[in-house]
Every structure is written in C-alpha cells, then in structure tokens.
Amino acid sequence: MDKIAVLSDIHGNLTALEAVLEDIERRDIQTILCLGDLIGKGPNSKKALELIREKCEVVLLGNWDDFIRKPIDSPEIVWQQNQLDEEDMAYLGSLPFHYDFYMSGKYVRLFHASAKSVYHRVFPMGASIEELQDMFANTEWIVPQEDGAAPDVVGYGDIHAALIQPIYPQRMLFNAGSVGNSLDMRGATYCILHGVYQSKEAAPFSIELVRLPYDIEKELLIAKEMGLPGLEAYELELRECRYRGRPKSE
C-alpha cells in the first residue's frame with residue numbers, strides 16, 4: 001500500500017511547514033502533493049516556496065499564488081511581493097489548476113478551491129447539494145484523463161478547515177486543511193491518502209487527517225523580527241483560529 005501526503009495553504013509559515021515535513025519523513029511517506037497557496041500571510045513566502053518546490057511531486061495553483069503576481073495597492077501584499085524574485089513569480093505562474101490520478105481504483109481529482117476557479121470558495125457545511133456536486137464537474141479549467149470522466153474523490157484546500165464528506169451518489173469530498181494558517185483547530189493540518197497509487201484496480205482506500213502541533217510562538221517571533229505587516233491579524237489566526245476577514249461583531 002502507498003501513502004501520499006496532501007498539503008495545502010502553507011502561507012509562508014516555515015515553522016509549520018518544517019514540522020509537517022518532519023512528520024511526513026517520520027512516517028516514511030515518499031510522495032507529497034500540494035494544493036497551493038504557498039505564499040502570503042506569513043513572513044517566509046520565499047523559503048516556503050523553495051521548500052515546497054523541492055519536496056513536492058505536484059504543486060497546484062492557489063488564489064494567493066495567482067494574485068500575488070498582479071499589481072495590488074496594499075502594503076501587506078507589496079511586502080509579500082518584495083520577498084519573491086522573478087524566478088519565484090514565474091514558477092507560481094506556471095502552476096497547473098488541477099491534478100487527476102487513480103488510486104486503488106478510485107479516480108481522484110485535486111485542486112485548490114473548486115472546479116470553477118481558484119477564487120470560488122466552497123464551505124461544505126453551508127453549501128447546497130448542487131454546489132457540492134459541482135465540485136466533481138468537468139469545467140473549462142479541467143482536462144480529465146479520459147473524455148467525460150468524472151472523479152470519485154475530490155480533494156481541495158482554500159477554506160483552511162479539514163473535513164471528509166460523502167457526496168451522493170457514491171462520491172467523497174475531502175479538504176486537506178491548512179499547514180500554515182489553520183482556522184478550525186490550532187496547529188498544522190494535512191492529510192494522507194492510503195491506497196495503491198496510479199492503479200485502476202479496486203483495492204483498499206482511505207483518507208487520514210493529521211493534526212500536528214508546532215511552535216506557534218516561535219513563528220510569531222520570526223514574523224515580528226522580519227517586520228511582517230498585519231502581524232496582529234496573523235497572531236489572531238494562528239493563536240485563536242479566527243479569520244482576519246470575519247466581522248468583529250461575531
């Protein structure tokens with residue numbers, strides 16, 4: 001049986017990423033896939049990008065990876081852009097939208113946010129049945145391995161909240177959570193797929209969610225020393241899992 005680690009939403013948090021990679025090595029996992037959002041929010045976008053590029057077999061495009069390459073009038077975004085050089089930007093611009101493969105007879109599709117766009121956000125806990133079923137659709141961004149083939153299993157990131165959910169009929173949706181900016185539970189989150197990689201033959205298949213503690217205070221000290229803009233919001237997200245965009249009245 002093979003084990004595949006699926007990471008998402010590192011967001012420049014090198015402390016969390018290094019902890020996750022150490023855990024993956026300890027479990028003797030050889031294949032790592034990344035669902036995007038390598039950069040932004042945290043202080044070490046460049047180092048996180050370089051490490052993901054070195055360690056991951058497949059890296060997909062996230063919304064931050066896309067808009068970081070565009071002119072944006074924001075001190076926080078400009079600070080992040082200044083951490084990256086031309087080669088980094090070119091690499092982010094080359095990332096594919098999705099990755100399809102077979103595992104234990106299941107047709108698996110991975111992308112960052114949804115089949116519609118890296119900017120189309122889907123929260124399964126509040127989404128309609130139609131919206132959830134659309135996660136399995138072949139859109140203009142998708143090139144299936146076989147004409148018209150639809151996935152049995154879809155994995156994504158983006159919402160920073162891990163889950164595994166059955167979708168009618170006989171499908172499975174999972175979210176890998178966030179390595180560097182978890183907003184459902186403190187610490188780093190990633191997932192492991194268990195099965196026979198690149199096999200169309202039916203065999204045991206399972207998905208494991210991993211919650212991993214790391215030194216959050218060390219990461220925040222690094223951010224402070226590097227002069228990260230928006231440090232207070234970063235602290236709120238890492239310590240309390242409270243999204244910076246949430247209304248204060250909540």
Side-chain angles (χ1 to χ4, degrees), residues 7-20 34-54 59-95 97 112-114 117-123 156-161 176-189 214-250:
L7 318 183
S8 191
D9 296 88
I10 293 86
H11 283 296
N13 186 338
L14 190 63
T15 310
L17 177 58
E18 289 176 338
V20 165
C34 179
L35 308 186
D37 273 9
L38 286 57
I39 53 83
K41 291 197 171 188
N44 272 304
S45 288
K46 183 174 181 61
K47 290 182 178 179
L49 183 155
E50 291 172 345
L51 197 51
I52 286 293
R53 190 174 182 178
E54 174 190 348
V59 182
L60 302 180
L61 180 70
N63 55 302
W64 274 79
D65 308 317
D66 184 59
F67 75 65
I68 199 71
R69 297 178 293 110
K70 304 173 182 178
I72 297 178
D73 185 17
S74 162
E76 294 181 21
I77 300 301
V78 171
W79 190 91
Q80 294 288 350
Q81 291 171 329
N82 289 337
Q83 309 306 305
L84 306 172
D85 58 30
E86 290 185 9
E87 182 181 349
D88 298 328
M89 291 296 192
Y91 173 71
L92 293 174
S94 73
L95 296 178
F97 181 83
H112 179 70
S114 82
S117 165
V118 294
Y119 298 101
H120 180 243
R121 187 154 291 164
V122 175
F123 292 96
Y156 73 117
D158 185 56
I159 63 173
H160 299 207
S178 172
V179 168
N181 197 242
S182 180
L183 296 176
D184 57 351
M185 295 183 73
R186 272 173 61 102
T189 306
Y214 71 95
D215 194 339
I216 290 175
E217 296 309 314
K218 174 186 174 183
E219 171 63 18
L220 292 174
L221 181 60
I222 291 170
K224 182 177 180 180
E225 291 176 344
M226 292 182 64
L228 177 73
L231 178 61
E232 184 177 340
Y234 193 50
E235 290 176 338
L236 190 67
E237 291 181 337
L238 266 55
R239 287 186 179 137
E240 301 181 22
C241 301
R242 184 178 176 87
Y243 178 48
R244 66 186 66 190
R246 184 185 300 177
K248 294 182 179 180
S249 58
E250 289 187 10

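- In this structure, the side chain of H160 does not engage the main chain of S182 through any donor-acceptor pair within 3.5 Å.
- Across all non-hydrogen atoms, the minimal contact from H112 to G62 is CG-CA, 3.5 Å.
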Q: In sequence, state the C-alpha distance, the side-chain angles, and the governing distance for L84 and S45, and then conclude on side-chain contact (heavy atoms from CB on, under 4.5 Å).
A: CA-CA 7 Å; L84 306 172; S45 288; 4.2 Å; yes

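- Scanning both residues, A188 and V20, for their nearest heavy atoms gives CB-CG2, 3.7 Å.
- Among all heavy-atom pairs drawn from L35 and G157, the shortest one is CD1-N, 3.9 Å.
- Minimum heavy-atom separation, S114 to V122: CB-CG2, 4.1 Å.
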Q: Carefully, step by step, assess L17 and I52 under the rule side-chain contact (heavy atoms from CB on, under 4.5 Å).
A: CA-CA 9 Å; L17 177 58; I52 286 293; 3.8 Å; yes

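- Listed by chain and number, the residues in a side-chain contact (heavy atoms from CB on, under 4.5 Å) with K47 are L14, N44 (sequence neighbours excluded).
- If you take CG on L60 and CG on D37, they are separated by 11.0 Å, rounding to the nearest 0.5 Å.
- Applying the side-chain contact (heavy atoms from CB on, under 4.5 Å) rule to E240 yields the partners L236, R242; only residues at least two apart in sequence or on another chain are considered.
- The side-chain contact (heavy atoms from CB on, under 4.5 Å) search around E217 returns D215, L220, R239, not counting sequence neighbours.
- In terms of heavy-atom proximity, S8 sits nearest to A176 at CB-CB, 4.4 Å.
- With sequence neighbours left out, E219 forms a side-chain hydrogen bond (donor to acceptor under 3.5 Å, both in side chains) with T15, Y234.
- Partners of D158 according to the salt bridge (Lys or Arg N to Asp or Glu O under 4.0 Å) rule, which considers only residues two or more places apart in sequence or in another chain, are R121.
- Taking D66 as the reference, R69, K70, Y119 meet the side-chain hydrogen bond (donor to acceptor under 3.5 Å, both in side chains) condition, with sequence neighbours excluded.
- For the pair Q80 (side chain) and E76 (backbone), a donor-acceptor distance under 3.5 Å is absent.
- A distance of 7.5 Å separates CD of E237 from OH of Y243, quoted to the nearest 0.5 Å.
- Here SG of C34 is found 13.0 Å from CZ of R53. Values are rounded to the nearest 0.5 Å.
- Between atom CG of residue L49 and atom CD of residue E87 there is a gap of 9.0 Å, rounded to the nearest 0.5 Å.
- Contacts of K218 classified as salt bridge (Lys or Arg N to Asp or Glu O under 4.0 Å), with partners at least two apart in sequence or in another chain: none.
- A search for salt bridge (Lys or Arg N to Asp or Glu O under 4.0 Å) contacts involving E232 returns nothing, not counting sequence neighbours.
- The ring-ring contact (aromatic ring centres under 6.0 Å, His included) test applied to Y91 returns no partner, not counting sequence neighbours.
- Under the side-chain hydrogen bond (donor to acceptor under 3.5 Å, both in side chains) criterion, T189 pairs with R211, not counting sequence neighbours.
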Q. After noting the C-alpha distance and the side-chain angles of Q81 and I68, does the key distance pass the side-chain contact (heavy atoms from CB on, under 4.5 Å) rule?
A. CA-CA 6 Å; Q81 291 171 329; I68 199 71; 3.8 Å; yes

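- Remark: F67 engages W64 in a ring-ring contact (aromatic ring centres under 6.0 Å, His included) (not counting sequence neighbours).
- Applying the salt bridge (Lys or Arg N to Asp or Glu O under 4.0 Å) rule to D85 yields the partners K46; only residues at least two apart in sequence or on another chain are considered.
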